Amino acid sequence: MEQTIRLLGSGRPAEDAIRQAAWVARCVGRGDTAPLSQDDVSALAATLHSRTYERGEVLFRGGAATEGVWIVQRGRVELSAGSGRRRAVVQVLRPGDVDGDIQHLLDMPFPYTARAVDDSVVLSLTVEGFEQLLSESRLARRWLSSVAQRLATSQGRIIGLLGRSLTAQVARLLLDEAVDEDVLLPQRTLAAMLGVQRPSLNKILKDFERRGLISVGYAAIHLVDSSALLDTAE
């Protein structure tokens, strides 16, 4: 994974930081790849700590060592890299999404800052609790399989972009990053993830919008015709 992250760095330092953070953010447990089911969460209720975060409140900051594993129970949490005018959102966590496990297993600091988009409830599992959970073979195998699947999927996405036109790369990225047909990432982040300048991306997005494939809003892109986008990505 570290080698892949190094390969991603090819532009200006700020863009490289965004691309690296986005790579790790893509490895967050989402949907079917999340390691814990609702039954698991209920069974671990005694060791999971619940906390409510108000809108705008920070869960953890980039550069900090992980203190455990985070599971979004309600609301949304954005992951962002950089600060000030260079700040860019690289992922939005939704209920059921998991973060912190890969950082802990690789002994690496968080490459992004987590901030509540809405009033949110987040469950946390301490490092000690996580280690104890991994000592139980049934859950340990499921969790490690989840990590492997997330890493393989993220790496597969990058490999799938190689050798394709920028138009096809943009279409594939939009399909990969969409949740319920919405991509809640600003264009600056998408451009950094592709290693291109924002005007180049904007030109393709305008063409997609003209063709009725997407609709572009503020820091969000809605997929209008996913099937046509998929054809474009092939």
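Bear in mind that the values here come from a model prediction, so they are computed numbers and not experimental data. Residue numbers start at 1 and run along the sequence shown.
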From [atom1] ([X]) to [atom2] ([Y]), nearest 0.5 Å:
X	Y	atom1	atom2	value
Leu125	His104	CG	NE2	9.5 Å
Ile204	Leu173	CD1	CG	11.0 Å
Arg172	Thr167	CZ	OG1	14.0 Å
Asp107	Ile102	CG	CD1	14.0 Å
Arg74	Leu123	CZ	CG	10.0 Å
Leu190	Asn202	CG	CG	11.0 Å

[X] side chain to [Y] backbone, donor-acceptor under 3.5 Å:
X	Y	answer
Glu57	Glu54	yes
Thr113	Gly62	yes
Glu67	Val127	no
Thr66	Gln103	no

Note, [X] side chain near [Y] side chain (heavy atom, < 4.5 Å):
X	Y	value
Asp119	Arg55	yes
Leu79	Asp99	yes
Phe208	Thr232	yes
Leu174	Leu205	yes
Val92	Val179	no

Closest heavy-atom contact between [X] and [Y]?
X	Y	value
Leu59	Ala116	CD1-N, 3.9 Å
Leu201	Gln187	CD2-O, 3.3 Å
Gly100	Val69	C-CG2, 4.4 Å
Gly56	Arg115	O-CG, 3.3 Å
Trp70	Phe110	NE1-CZ, 3.9 Å
Arg94	Asp180	NH1-OD2, 4.4 Å

Is there a path from [X] to [Y] through hydrophobic residues (I, L, V, M, F, W, Y) whose side chains come within less than 4.5 Å of each other?
X	Y	answer
Val121	Leu93	no
Val117	Val183	no
Met108	Leu105	yes
Val216	Leu175	yes

Original post:
Checking side-chain contact (heavy atoms from CB on, under 4.5 Å) for the pair Glu177/Leu185: CA distance, chi angles, key distance, verdict?
Top reply: CA-CA 8 Å; Glu177 293 300 321; Leu185 297 175; 3.7 Å; yes

Subject >> Arg211, CZ atom: more than 12 neighbouring heavy atoms under 6.0 Å >> reply: yes

Original post:
Looking at Glu234 and Arg164, does any basic side-chain N land under 4.0 Å from a carboxylate oxygen?
Top reply: no

Original post:
Can Asp207 and Lys203 be counted as an ion pair, charged N to O under 4.0 angstrom?
Top reply: no

May I have the list of side-chain donor-acceptor pairs in residues 219-230 shorter than 3.5 Å, sequence neighbours left out?
from   : atom 1 : to     : atom 2 : distance (Å)
His222 : ND1    : Glu181 : O      : 3.2
His222 : ND1    : Asp182 : OD1    : 2.8
Asp225 : OD1    : Ser227 : N      : 3.4
Asp225 : OD1    : Ala228 : N      : 3.1
Ser226 : OG     : Glu181 : OE1    : 2.6

**OP:** Kindly determine whether Leu166 and Val196 satisfy side-chain contact (heavy atoms from CB on, under 4.5 Å), including the steps that lead there.
**Re:** CA-CA 9 Å; Leu166 182 56; Val196 300; 3.8 Å; yes

**OP:** Just do the side-chain contact (heavy atoms from CB on, under 4.5 Å) check on Ser124 and Ile71 with the steps written out, would you?
**Re:** CA-CA 6 Å; Ser124 63; Ile71 306 167; over 6 Å; no

Original post:
Given Asp118 and Tyr53, is the side-chain hydrogen bond (donor to acceptor under 3.5 Å, both in side chains) satisfied, shown in steps?
Top reply: CA-CA 8 Å; Asp118 319 298; Tyr53 291 86; over 6 Å; no

Original post:
Does the pair Arg76 and Leu184 meet the rule for a side-chain contact (heavy atoms from CB on, under 4.5 Å), with working shown?
Top reply: CA-CA 11 Å; Arg76 295 176 299 162; Leu184 301 178; 3.9 Å; yes

